[in-house]
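Following: one structure in structure tokens, then a few remarks.
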Protein chains: 2
Amino acid sequence: MTRRIPQARERGIPDATVARLPLYLRALNGLAERGIATVSSEDLAVAAGVNSAKLRKDLSHLGSYGTRGVGYDVQYLIYQISRELGLTQDWAVAIVGVGNLGRALANYGGFVSRGFRVAGLFDADPAVVGERIAGLVVEHADGLESVIRKRGVSIVVIATPATAAQQVCDRVIAAGVTSILNFAPAVLTVPDGVDVRKVDLSIELQILAFHEQRKASGGPMMGDEWPDGVVVVSERGAALGEASQ
Amino acid sequence: MTRRIPQARERGIPDATVARLPLYLRALNGLAERGIATVSSEDLAVAAGVNSAKLRKDLSHLGSYGTRGVGYDVQYLIYQISRELGLTQDWAVAIVGVGNLGRALANYGGFVSRGFRVAGLFDADPAVVGERIAGLVVEHADGLESVIRKRGVSIVVIATPATAAQQVCDRVIAAGVTSILNFAPAVLTVPDGVDVRKVDLSIELQILAFHEQRKASGGPMMGDEWPDGVVVVSERGAALGEASQ
DNA sequence: CCGACTTTGTGCATCTCTTCACAAAGGCAC
DNA sequence: GTGCCTTTGTGAAGAGATGCACAAAGTCGG
């Protein structure tokens with residue numbers, strides 16, 4: 001009878017843990033820059049803004065990389081987390097939609113520094129196509145599929161208006177992309193096996209407003225009635241990345 | 001013995017629910033624009049990209065606003081969710097750090113449309129101060145506290161480089177702000193009662209890379225060893241919102 | 001070589017969130 | 001009115017994440 005020795009790094013690191021690994025990585029890089037060679041879970045937890053028990057449990061999912069009585073070797077842990085996150089390889093990223101946000105993303109310094117390389121900028125507006133941004137020439141969205149295949153793009157950032165998002169999404173998936181970062185305020189429908197993460201400024205602000213309201217009053221005005229004459233104004237489809245797409 | 005009748009809208013809507021309300025709101029606004037007066041939990045769930053049981057449970061935390069056998073009145077539900085989120089009032093927002101991202105945020109159309117009003121733009125760089133962006137003149141960061149108080153700013157968006165983020169954070173909190181949206185890749189330390197939400201492009205990409213790697217190979221290369229000669233390059237403190245602050 | 005001290009890794013209890021499944025509620029046709 | 005049909009609202013079970021608390025493992029000074 002073969003007893004399975006419970007092995008960390010089995011398969012399946014909890015999502016919540018994966019979401020925190022980049023945080024630890026950043027904290028570790030900060031420590032490394034300050035020349036710190038070893039760190040305890042307690043100190044690293046403070047630097048990353050989490051509870052130390054949680055940090056230890058998270059790291060235990062990767063393996064036993066700490067030394068009891070001492071802590072974690074900063075460089076070694078940086079390497080292990082980077083490897084787990086897939087940052088030891090180079091990822092080609094394409095940005096679709098070169099509006100205000102698309103430009104900001106293209107110029108984002110943190111891209112290059114972490115294994116992500118902007119391999120293409122796309123827009124549907126002829127007025128924008130040809131423009132040079134962050135060392136890249138904006139290409140017409142017509143060439144999306146071929147460029148994705150040719151340059152091995154595996155992650156696409158959608159920064160188009162909401163109305164164009166699904167269409168762009170469908171096209172890049174057809175071209176083989178399975179990881180999408182969506183800045184457009186739209187729900188993307190994708191087949192199984194495709195990962196979508198969304199970033200939405202408007203939603204974040206609304207969540208803050210909720211808590212702010214709770215703090216200010218003791219909750220929203222009591223009474224669930226329709227006030228007379230209320231007309232709820234429709235939300236515009238305005239996108240954070242509302243570009244010329 | 002006083003039996004508490006479990007009352008929806010008691011106090012305390014689950015965080016997970018609050019985070020989804022803006023999603024429902026957007027979906028409802030889409031339906032309203034198409035002139036739809038009534039919607040079932042099933043249809044609304046599809047439009048919002050969630051499971052219908054979850055949607056119903058979420059809405060049940062606000063109250064009993066549906067009609068069995070029929071569904072939900074679109075306009076009424078829009079109003080109720082808006083009220084719960086505090087969107088029936090006007091929130092003054094200040095943006096600190098007018099780099100690429102700060103500019104994109106200032107020009108973001110979705111701001112105005114939803115009860116959020118940009119009441120001030122700040123930067124520490126004299127070269128940027130005085131510039132006119134989205135109808136507002138950029139002010140020097142020195143005036144942060146007084147402007148916050150004078151204009152009743154209750155939400156601050158931090159789009160500065162990581163190095164300046166904590167300092168800006170401390171200052172706006174001292175000025176009475178208790179809701180912060182942080183785009184700088186830094187962990188902010190705040191006293192109790194202050195809400196911070198963070199948006200970090202780099203983290204989102206790293207999470208995508210993790211899943212992408214899992215899909216591509218059968219996990220990261222086996223073997224936990226340090227490869228010879230590996231030098232882990234330090235992460236630059238490069239911020240999405242790396243501005244001139 | 002030993003004993004005191006530090007810090008990890010984890011079993012366990014708890015809490016939160018999700019999902020299922022169905023009784024209760026209401027509309028509608030006749 | 002009455003009965004059928006649709007859809008909500010929710011109890012309960014399940015899954016996942018969190019945090020405590022401590023045994024095990026390792027360091028270090030003497």
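Chain letters run A, B, ... following the sequence lines, proteins first, then strands; residues in each count from 1. This structure is a prediction, so every number in the text was calculated from the model and none was measured.
Each of B:I81, B:L25, B:L21, B:V18 was evaluated against A:Q206; a single residue qualifies, B:L25, per the side-chain contact (heavy atoms from CB on, under 4.5 Å) test. Partner of A:Y65 under the ring pair (Phe, Tyr, Trp, His ring centres under 6.0 Å) criterion, chosen from A:Y79, A:Y24, A:Y76: A:Y76.
In the set C:dG27, C:dT8, D:dT8, the nucleotide with an atom closest to the side chain of B:T67 is C:dG27.
Nearer the 5' end of DNA chain D, as judged by each residue's closest nucleotide, is the contact made by B:S40, out of A:G69 and B:S40. Ranked by how close their nearest DNA chain D nucleotide is to the 5' end, B:V70 and A:V70 are led by B:V70.
Judged by distance alone, with hydrogens and angles left aside, B:R68 brings no side-chain donor or acceptor close enough to the base of D:dT7 to form a pair under 3.5 Å.
The interatomic distance linking A:L21 (CG) with D:dA17 (P) rounds to 13 Å, in whole Å. Residue B:L55 contributes atom CG, which lies 12 Å from atom C1' of D:dT7 at whole-angstrom precision. Rounded to an integer number of Å, the gap from A:I13 CD1 to D:dA17 P is 12 Å. For the pair B:L44 CG and D:dT7 P, the computed distance is 14 Å after rounding to whole Å. The nearest whole Å value for the distance from the OH atom in B:Y72 to the P atom in D:dT7 is 12 Å. Between B:E42 atom CD and D:dC5 atom C1' the separation is 17 Å, expressed in whole Å.
Once rounded to the nearest 0.5 Å, the distance linking CG of A:L181 with CG of B:L201 reads 6.0 Å. Atom CZ of B:R83 sits about 8.5 Å away from atom CD of A:Q213, to the nearest 0.5 Å.
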Nucleotide N/O of nucleotides 13-20 of chain C paired with protein N/O under 3.5 Å:
| residue | atom | partner | partner atom | Å |
| --- | --- | --- | --- | --- |
| C:dT18 | OP1 | B:R20 | NH1 | 3.1 |
| C:dT18 | OP2 | B:R20 | NH1 | 3.2 |
| C:dT18 | OP2 | B:R20 | NH2 | 2.8 |
| C:dT19 | OP2 | B:K54 | NZ | 3.4 |
| C:dT19 | O4 | B:K57 | NZ | 3.1 |

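Using a 4.0 Å cut-off, some side-chain N or O of B:S41 falls inside it from OP1 or OP2 of D:dT8.
Side-chain N/O atoms of A:S154 and B:E212 include no donor and acceptor closer than 3.5 Å. Using modelled atom types and a 3.5 Å distance limit, the side chains of A:D170 and A:Q166 yield a donor-acceptor pair.
Checked for salt-bridge contact, A:E42 and A:R56 miss the test: no charged N lies under 4.0 Å from a carboxylate O.
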